[in-house]
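This report refers to the structure that appears directly beneath it.
As the structure is a computational prediction, the values presented were derived from the model and not from experiment. A, B, ... follow the sequence lines: proteins, then strands. Residue 1 opens every chain.
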Protein chains: 2
Amino acid sequence: MATGKNENGTGISLDRMIQPMLLMLILKKPTHGYELIQSFNAVHEGEIAEPGTIYRNLRRLEREGFVLSGWEASESGPARRKYAITEDGIKALHEAVLKLEKQKQQIEDFLTEYNHLPKKGGHSIEK
Amino acid sequence: MATGKNENGTGISLDRMIQPMLLMLILKKPTHGYELIQSFNAVHEGEIAEPGTIYRNLRRLEREGFVLSGWEASESGPARRKYAITEDGIKALHEAVLKLEKQKQQIEDFLTEYNHLPKKGGHSIEK
DNA sequence: TAACACTAAGTGTAAAGTGCACATAGGTTA
DNA sequence: TAACCTATGTGCACTTTACACTTAGTGTTA
């Protein structure tokens with residue numbers, strides 16, 4: 001994956017977590033893209049989820065059959081595309097959870113090893 | 001990021017973890033690419049780290065000034081490019097650790113929320 | 001000696017995901 | 001009318017990776 005750039009400070013770095021997060025939010029409450037963006041930015045306060053990324057992932061989730069969408073008129077403002085999760089989507093979410101548990105374990109193993117390094121140990125070189 | 005493909009079973013999926021892992025291994029003991037590949041495959045038993053990915057990341061780490069390398073003759077076999085970490089590399093490793101701690105927290109938050117979903121709850125849709 | 005295996009380092013290419021900027025459009029308010 | 005908010009999306013550049021392949025030194029075996 002590439003993360004575009006974003007080695008800086010802006011934007012959430014949700015490496016590989018966008019789709020599971022979207023699926024879970026939609027599972028909890030069927031909704032539309034714009035509201036999902038708000039939800040993201042509410043949870044990860046101060047950081048901004050890229051609308052383009054959200055919308056693109058929603059379209060993809062539908063292509064893959066994990067969500068279904070339909071247009072819904074809004075009393076005030078443009079129509080919204082409202083998403084609901086499918087049975088396949090629930091399964092996909094579960095599989096993503098298993099992967100994330102593994103990933104979490106990998107990170108933990110790494111951090112444990114890092115914390116067990118001898119202080120001022122290691123073999124660094126002048127410059 | 002793209003992950004090439006690898007939604008299947010081969011290869012380790014070390015999303016964004018290759019560079020920190022390489023830096024830590026080199027910090028522990030300056031060494032060359034081929035041995036790093038062996039180390040990877042020893043830790044993640046059964047899974048195979050892509051040599052191409054390892055070598056490319058090592059060249060990148062050097063371009064960025066996080067490691068230094070020098071050719072070293074081998075009694076048997078081709079010469080090896082031996083890597084050592086720099087002070088900048090140690091700093092970069094530390095920053096990567098901070099990021100990974102955040103990422104771990106994100107995953108934990110997600111998993112916690114997932115596990116608190118009402119059983120058979122959620123709003124799924126026919127198909 | 002030719003073939004093969006192992007060590008060692010690397011490249012070419014396609015695919016995938018993301019950030020940033022921008023486009024489009026309906027509706028509300030100054 | 002202009003500005004602004006809601007709402008959805010696209011185009012492009014960039015990054016990273018998997019897979020397949022290349023190059024090359026050395027040792028072993030048929």
Side-chain angles (χ1 to χ4, degrees), chain A residues 1-22 31-41 44 47-64 67 69-83 96, chain B residues 1-22 31-41 44 47-64 67 69-83 96 99 103:
Chain A
M1 120 185 80
T3 320
K5 14 188 171 178
N6 196 37
E7 281 311 316
N8 42 57
T10 357
I12 311 176
S13 183
L14 337 104
D15 285 310
R16 218 78 357 186
M17 288 192 64
I18 298 180
Q19 296 210 36
M21 281 179 144
L22 290 176
T31 184
H32 54 100
Y34 193 80
E35 192 175 50
L36 287 165
I37 294 166
Q38 316 300 317
S39 304
F40 262 94
N41 295 338
H44 305 264
E47 312 185 89
I48 302 151
E50 275 300 313
T53 304
I54 302 290
Y55 287 118
R56 239 191 286 261
N57 274 281
L58 287 171
R59 305 310 299 125
R60 176 144 91 91
L61 287 172
E62 180 154 27
R63 274 204 315 278
E64 291 172 341
V67 296
S69 76
W71 288 98
E72 190 193 52
S74 166
E75 312 83 39
S76 67
R80 305 152 167 174
R81 190 193 278 278
K82 193 174 180 181
Y83 289 92
Chain B
M1 124 194 109
T3 320
K5 11 188 171 179
N6 194 36
E7 279 313 316
N8 42 59
T10 357
I12 312 175
S13 182
L14 338 103
D15 286 309
R16 216 80 357 184
M17 289 192 64
I18 297 179
Q19 297 211 36
M21 281 177 145
L22 289 176
T31 183
H32 55 98
Y34 193 80
E35 193 175 48
L36 288 165
I37 295 167
Q38 316 299 316
S39 306
F40 262 95
N41 296 338
H44 306 263
E47 312 184 88
I48 302 151
E50 276 301 312
T53 303
I54 302 289
Y55 286 120
R56 238 191 282 263
N57 273 282
L58 287 171
R59 304 311 299 123
R60 176 144 91 93
L61 286 172
E62 181 154 26
R63 274 203 316 278
E64 291 173 340
V67 297
S69 77
W71 288 98
E72 191 193 52
S74 166
E75 312 83 39
S76 67
R80 305 153 167 173
R81 191 194 278 276
K82 194 175 179 181
Y83 290 92
K99 273 188 196 169
Q103 207 188 319

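With dA7(D), dA8(C), dG17(C) as the candidates, the nucleotide lying closest to the side chain of R80(B) is dA8(C). When distances run from any side-chain atom of T53(B) to the nucleotides dA18(D), dA8(C), dG9(D), the shortest one goes to dA18(D). The side chain of R59(A) approaches dG9(D) more closely than any other nucleotide in the set dG9(D), dC19(D), dA9(C). Proximity note for W71(B) (side chain, C-beta onward) versus dT17(D), dG10(C), dA7(D): the nearest is dG10(C). The side chain of R56(A) has dT18(C) as its nearest neighbour among dT18(C), dG17(C), dT17(D). Taking only side-chain atoms of Y34(B), from C-beta outward, the nucleotide of dC20(C), dT18(C), dA8(C) with the closest atom is dA8(C).
Remark: side-chain polar atoms of Q38(B) are paired, donor with acceptor, to backbone N or O of Y34(B) under 3.5 angstrom. Although no hydrogens or angles enter the test, the distance criterion places no donor-acceptor pair under 3.5 Å between the side chain of E72(B) and the main chain of A79(B).
Separating the CD atom of Q38(A) from the P atom of dT8(D) is a distance of 10 Å, rounded to the nearest angstrom. Taking atom CZ of F40(B) as the reference point, atom C1' of dA18(D) lies 15 Å away to the nearest angstrom. Protein atom CD of E35(B) is 15 Å distant from nucleotide atom C1' of dC6(C), rounded to whole Å. In this entry the distance linking CD1 of I37(A) with P of dG19(C) reads 12 Å, nearest Å. Taking atom NZ of residue K82(B) and atom P of nucleotide dT7(C), one finds them 18 Å apart after rounding to whole Å. Taking atom CG of residue L36(B) and atom P of nucleotide dG10(C), one finds them 12 Å apart after rounding to whole Å. Protein atom CD of E50(A) is 17 Å distant from nucleotide atom P of dA13(D), rounded to whole Å. We find that NE2 of H32(A) is positioned 18 Å from P of dG26(C), with the value rounded to whole Å.
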What's touching nucleotides 21-30 of chain D from the protein side, N or O pairs under 3.5 Å?
none

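Annotation: side chain of E50(A) is not in contact with side chain of R56(A) (no heavy-atom distance under 4.5 Å).
Taking the nucleotide of DNA chain C with the nearest heavy atom to each of R60(A) and R81(B), the more 5' of the two is matched to R81(B).
The side chain to side chain contact (heavy atoms under 4.5 Å, CB included) test with L36(A) singles out one residue from N57(A), N41(A), T31(A), and that residue is T31(A).
The structure places CD of Q19(B) at 4.0 Å from CZ of R60(B), a figure rounded to the nearest 0.5 Å. One distance of note links OH of Y55(A) with CD1 of I37(A); it measures 4.0 Å at 0.5 Å rounding.
Heavy-atom minimum distance, P78(B) versus S74(B): O-CB, 3.6 Å.
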